[in-house]
Amino acid sequence: MRRVVVTGMGAITPIGLDVESFWKSVKEKKTGFGPITKFDTTDYKVKLAAEVKGFQGKDYMDPKSARRMELFSQYAVAAAREALAQSGLNMEEEDPYRVGVSIGSGIGSLQVTEKEHEKILTKGPSRVNPLMVPLMISNMAAGNVSIMFGLKGKSINVVTACATGTNSIGEAMRSIQYGEADVMAAGGTEASICPLGVAGFTALTALSTSEDPARCSIPFDKDRSGFVMGEGAAVVILEELEHAKRRGATILAEVAGYGTSSDAYHITSPAEDGEGAAKAMENAIADAGIALEDVKYINAHGTSTHHNDLFETRAIKKLFGEHAYQMYINSTKSMVGHMLGAAGAIEFLTCVKELQEGYIHPTVGLRESEEELDLNYVKGEGVELPLEYALSNSLGFGGHNASILVKRYREDA
């Protein structure tokens with residue numbers, strides 16, 4: 001089976017508009033939480049989000065193209081541009097039908113839905129924007145990346161709610177392994193900080209109502225009360241190993257394993273015993289052909305909701321047994337919030353950086369966990385530790401579980 005490596009990465013996040021600034025913020029334990037500025041929250045219980053700051057679509061594409069894309073698509077194009085630039089891929093020297101896209105969005109554009117529905121109510125259906133549908137639908141992030149950069153290979157949009165980013169990268173890995181593509185731009189994107197998005201998740205009682213930026217997104221903390229909505233995108237360039245070597249690409253990491261499962265339990269809650277998430281992790285590790293004990297670090301889904309953090313902890317214990325107590329577990333959502341369809345992608349990118357630098361970031365804001373949450377969630381300061389593997393988990397509404405195993409690249413292994 002063909003080996004798959006990472007040769008480029010790009011990011012638009014609440015704590016940085018490129019990979020370098022994002023990673024610098026992570027190491028400085030910066031958080032992206034603050035009052036929502038995109039709309040008036042006077043009548044809303046939720047006041048905080050992790051917004052992307054300072055982003056202008058025209059900085060990454062021509063203004064006409066930017067006007068024909070909603071924000072989630074703009075974020076994806078911007079992240080893909082950075083990832084492709086780092087990869088050094090020259091499309092004039094590639095067969096464009098061997099370079100594909102696997103970029104997902106869990107929701108697409110709620111903003112267009114809001115705006116055009118208002119037009120129907122106030123001005124009538126004839127006034128709806130002719131581009132409403134292509135602006136709104138979630139596959140247009142992948143579509144716009146394909147169009148913008150001339151990527152003519154397999155182009156897909158995986159939608160598995162909060163597991164979207166991880167599934168997108170995993171399915172891109174499979175596409176390369178089985179010869180459908182040599183290169184894939186893969187990841188996730190989301191921009192749903194708007195009235196409908198915040199109201200909907202609030203009605204589910206999924207969001208934190210804390211108004212303290214230091215105590216709103218606190219995964220694995222006994223005082224956690226819900227997730228904080230984030231936004232942004234992360235895109236990575238996955239490449240077949242020999243293809244990357246032939247063109248002299250710098251290899252950042254290897255994608256070693258991918259596993260999925262379904263809870264078949266509840267539309268929003270993970271399975272209480274963690275069985276589904278445990279199976280996804282087990283499948284990813286088996287796919288890589290390594291032992292459970294080889295995994296010493298997990299970037300958890302870690303949303304800061306009561307159920308997720310408890311049930312994910314149970315899943316880790318269920319699979320790893322006593323070894324779970326020897327592992328390091330953290331949550332990147334403690335800094336960027338829950339980027340929904342982009343969450344798994346930014347967490348994958350974080351794992352690559354941690355493998356490269358031998359550094360595990362802390363779960364920022366974590367003070368004290370309740371009794372059953374008794375694993376090492378990297379409280380306080382980060383940990384300097386050489387790592388061979390990083391396991392990243394994503395758990396989506398609907399019972400979707402996805403895990404992906406990243407490996408420090410070694411040419412001979």
Side-chain angles (χ1 to χ4, degrees), residues 9-19 21-23 25-26 32-33 38 49-53 55 57 60 69-83 101-111 138-142 144-145 156-172 185-194 197 201 217 227-238 299-304 331-353 392-397 400 402 404:
M9 302 196 297
I12 299 293
T13 79
I15 56 173
L17 299 182
D18 53 55
V19 172
S21 59
F22 163 73
W23 184 242
S25 294
V26 167
F33 310 118
K38 294 177 181 289
E51 296 181 342
V52 167
K53 296 96 176 167
F55 178 87
Y60 302 90
M69 292 183 211
E70 279 295 281
L71 200 53
F72 79 100
S73 287
Q74 292 183 14
Y75 287 163
V77 167
R81 183 178 295 281
E82 181 186 7
V101 183
S102 176
I103 296 174
S105 173
I107 297 175
S109 177
L110 288 175
Q111 292 90 334
S138 64
N139 70 295
M140 292 308 286
N144 278 305
V145 168
I156 56 174
N157 167 44
V158 179
V159 182
T160 49
C162 312
T164 292
T166 298
N167 280 134
S168 295
I169 294 171
E171 296 303 316
T189 185
E190 208 77 81
S192 295
I193 303 174
C194 62
F201 280 108
S217 182
F227 73 80
V228 175
M229 192 180 292
E231 61 174 349
V235 174
V236 296
I237 305 303
L238 302 190
N299 189 303
H301 189 53
T303 60
S304 188
S331 173
T332 305
K333 293 180 181 72
S334 64
M335 289 174 276
V336 298
H338 194 343
M339 291 165 60
L340 305 177
I346 196 63
E347 289 152 14
F348 176 94
L349 185 154
T350 299
C351 287
V352 172
K353 295 299 292 184
S392 181
N393 289 338
S394 294
L395 317 176
F397 282 178
H400 305 284
I404 200 156

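Bear in mind that the values here come from a model prediction, so they are computed numbers and not experimental data.
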Pairs meeting criterion salt bridge (Lys or Arg N to Asp or Glu O under 4.0 Å) with involvement of residues 69-80, two or more places apart: none

Donor-acceptor contact below 3.5 Å, side chain Q74 vs main chain M69: yes

Residues which pass side chain to side chain contact (heavy atoms under 4.5 Å, CB included) with E51, listed by chain and number, not counting sequence neighbours: I36, T37, K38, A49, I193, E231

Give me the atom names and distance for the closest heavy-atom approach of A11 to A79. N-CB, 4.0 Å

Within the structure provided, determine whether M229 and S192 are in side-chain contact (heavy-atom separation under 4.5 Å). yes

S217 OG to F227 CZ distance, which is reported to the nearest 0.5 Å: 10.0 Å

Rounded to the nearest 0.5 Å, what separates atom CG in N139 from atom CG in N144? 9.0 Å

Between S168 and A186 (side chain of the first, backbone of the second, donor and acceptor by atom type, cut-off under 3.5 Å), is there such a pair? no

When every non-hydrogen atom of A142 is compared with those of I156, the smallest separation belongs to CB-O, 3.6 Å

Heavy atoms, side chains only, cut-off 4.5 Å: are M339 and P14 in contact? yes

Just do the side-chain contact (heavy atoms from CB on, under 4.5 Å) check on K353 and V19 with the steps written out, would you? CA-CA 9 Å; K353 295 299 292 184; V19 172; 4.3 Å; yes

Donor-acceptor contact below 3.5 Å, side chain K53 vs main chain G32: yes

Donor-acceptor contact present, side-chain N157 to main-chain S105, <3.5 Å: yes

Specify the closest pair of heavy atoms between C194 and L110, including all atoms of both residues, with the distance to one decimal. SG-CB, 3.6 Å

Judged by atom type as modelled, is there a donor-acceptor pair below 3.5 Å linking the side chain of H400 to the main-chain atoms of T160? no

Show the nearest heavy-atom pair for residues G302 and S331, with the distance to one decimal. O-OG, 2.7 Å

Check residues 340-351 and write down every donor-acceptor pair under 3.5 Å in which the side-chain atom is one partner and the other belongs to a residue at least two apart or another chain.
unit_1 : atom_1 : unit_2 : atom_2 : d
E347   : OE1    : K333   : NZ     : 3.4
E347   : OE2    : K333   : NZ     : 2.7
T350   : OG1    : I346   : O      : 2.8

Between G232 and Y75, what is the shortest heavy-atom contact and its length? CA-CD1, 3.6 Å

dist T166:OG1 -> L395:CG (nearest 0.5 Å) comes out at 9.0 Å

Does some side-chain heavy atom of V145 sit less than 4.5 Å from a side-chain heavy atom of V235? no

Looking at I12 and L17, what are the two nearest heavy atoms and their distance? CD1-O, 3.5 Å

d(I169 CD1, L238 CG) to nearest 0.5 Å is 6.5 Å

Using 0.5 Å steps for rounding, measure from the CH2 atom of W23 to the CG atom of D18. 14.0 Å

Between F55 and L71, is any pair of side-chain heavy atoms under 4.5 Å apart? yes

Check the side chains of S394 and N167 for a donor-acceptor pair under 3.5 angstrom, ignoring hydrogens and angles. no

